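Notes follow once the structure below has been shown.
Below, all heavy atoms of this structure are taken into account, side chains as well, without hydrogens, waters or symmetry copies. Computed from a predicted model, the values in this text were never measured in an experiment.
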Amino acid sequence: MSKKGLPTFIQTYFLRFTFSGACAGQIFTFTPNFNPTPDSIHWSFGDPLSGMADTSTLLSPSHTFTSAGKFTVTVFVRYPDGRTEETSREVTVAGLPQPNLGPDLTVCKGTSVQLNPGSFTSYLWNTGYTSATLSVADTGYYWVEVVNDTGCINRDTLHLSWFRQPTIDESNMNIAPTT
């Protein structure tokens, strides 16, 4: 009769592989937990839009998922004694934020423009500001890096330029008196 209960154990030991990563377009790393080390291993990331990168034969591969969603990652291993094993896990990939500064702008010199990428958790402008909007009145490239509620990061860029100043060509001007 046991009075203390069962000993504690690490539950992740029962997972045949672990992974780290969170966002589409960013690198996920996969760590196997097979014992003994397999003679051969074949990973399928369940992401057909990634083309040839959808599979790997590396022991500890990495993969960049092409979009947000749930992907079934499957791994097939062959051990030195000839035994085989196949296992899979569902991997949830969060979507990237989609900041939108709009198209490049051309304005009259001295005009101030308010840049607003949309609503996100945090902002970082190339000017160093961290506000949700940015007022600009000089030419150049402006970008904002935003973070959404799942911690994913993305960026958008806009180029602001001025219209050319009007010029008058006085060389062919004919000034005539009027009555």
Side-chain angles (χ1 to χ4, degrees), residues 9-105 115-134 136 140-161:
F9 62 95
I10 303 170
Q11 291 180 1
T12 57
Y13 178 77
F14 293 109
L15 298 175
R16 303 314 276 154
F17 65 90
T18 58
F19 63 90
S20 65
C23 308
Q26 297 175 346
I27 295 172
F28 279 64
T29 57
F30 294 85
T31 305
N33 187 25
F34 298 104
N35 193 11
T37 302
D39 271 350
S40 66
I41 190 165
H42 179 83
W43 296 83
S44 176
F45 301 107
D47 184 16
L49 293 178
S50 64
M52 297 286 290
D54 190 37
T55 62
S56 176
T57 56
L58 297 174
L59 184 61
S60 298
S62 60
H63 181 72
T64 303
F65 289 95
T66 56
S67 62
K70 293 182 188 264
F71 297 85
T72 301
V73 176
T74 303
V75 61
F76 177 83
V77 298
R78 181 176 307 281
Y79 293 103
D81 63 5
R83 183 173 50 96
T84 62
E85 182 179 347
E86 182 176 335
T87 189
S88 61
R89 287 187 67 188
E90 186 173 84
V91 174
T92 301
V93 179
L96 290 177
Q98 298 299 319
N100 185 2
L101 294 176
D104 292 347
L105 295 173
L115 302 179
N116 182 349
S119 180
F120 300 97
T121 303
S122 69
Y123 307 83
L124 176 62
W125 296 89
N126 63 314
T127 60
Y129 288 105
T130 56
S131 59
T133 61
L134 181 69
V136 296
Y141 285 94
Y142 295 92
W143 57 257
V144 63
E145 191 172 86
V146 299
V147 179
N148 65 10
D149 57 351
T150 58
C152 298
I153 301 169
N154 204 1
R155 180 185 284 196
D156 192 24
T157 302
L158 171 134
H159 184 258
L160 181 66
S161 58

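To the nearest 0.5 Å, atoms OG1 (Thr127) and CG (Leu124) are separated by 8.0 Å. Note that CG of Leu158 is 5.5 Å distant from CG of Leu115, once rounded to the nearest 0.5 Å. Between Ile27 atom CD1 and Thr64 atom OG1 the span is 5.0 Å, to the nearest 0.5 Å. In this structure, the separation between CD1 on Ile41 and CZ on Phe34 is 5.0 Å, given to the nearest 0.5 Å.
The two residues Ala94 and Ala68 come nearest to each other via the heavy atoms C-CB, 3.8 Å. Of all the heavy atoms in Val93 and Cys23, the pair that sits closest is CG1-C, 3.7 Å. Between Arg83 and Asn35, the shortest heavy-atom contact is NH2-O, 4.2 Å. Across all non-hydrogen atoms, the minimal contact from Asp39 to Pro80 is OD2-CA, 3.1 Å. What you find for Gly102 and Asp156 is that their closest heavy atoms are N-OD2, 4.2 Å.
Listed for the Trp125 side chain is a donor-acceptor partner under 3.5 Å among the backbone atoms of Ser131. No donor-acceptor distance shorter than 3.5 angstrom exists from the side chain of Asn154 to the backbone of Gln98, with no hydrogens or angles considered. Side chain of Asn116 to backbone of Thr133: no donor-acceptor contact under 3.5 angstrom is found. A donor-acceptor pair is defined here as one N or O able to donate and one able to accept, closer than 3.5 Å; such a pair exists between the side chain of Asn148 and the backbone of Gly95.
Side-chain contact annotation: Thr29 with Ser20, donor-acceptor N/O pair under 3.5 Å present.
Taking 4.5 Å as the limit, some side-chain heavy atom of Thr37 sits within range of a side-chain heavy atom of Leu59. A 4.5 Å side-chain heavy-atom check between Glu86 and Ser44 finds every atom pair outside the cut-off. The closest side-chain heavy-atom distance from Tyr141 to Asn126 is not below 4.5 Å.
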Test side chain to side chain contact (heavy atoms under 4.5 Å, CB included) applied to Thr18 and Asn33, step by step: CA-CA 8 Å; Thr18 58; Asn33 187 25; over 6 Å; no
Worked verdict on Phe17 versus Thr87 for side chain to side chain contact (heavy atoms under 4.5 Å, CB included): CA-CA 9 Å; Phe17 65 90; Thr87 189; 4.2 Å; yes
Test log, rule side chain to side chain contact (heavy atoms under 4.5 Å, CB included), inputs Val75 and Phe30: CA-CA 10 Å; Val75 61; Phe30 294 85; over 6 Å; no
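Contacts of Asp149 classified as salt bridge (charged side-chain N to carboxylate O under 4.0 Å, His left out), with partners at least two apart in sequence or in another chain: none. For the side chain to side chain donor-acceptor pair (under 3.5 Å) test, residues two or more places apart in sequence or in another chain that qualify with Glu85 are Arg16, Tyr79.
Of the options Phe65, Phe45, Phe71, a ring pair (Phe, Tyr, Trp, His ring centres under 6.0 Å) to Phe28 is made by Phe65 and by none of the others.
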All N/O donor-acceptor pairs, side-chain side in residues 46-53, below 3.5 Å, sequence neighbours left out:
from: Asp47; atom 1: OD1; to: Thr66; atom 2: OG1; distance (Å): 2.8
from: Asp47; atom 1: OD2; to: His63; atom 2: NE2; distance (Å): 3.0
from: Asp47; atom 1: OD2; to: Thr66; atom 2: N; distance (Å): 3.1
from: Ser50; atom 1: OG; to: Asp47; atom 2: O; distance (Å): 2.6
from: Ser50; atom 1: OG; to: Asp54; atom 2: N; distance (Å): 3.3

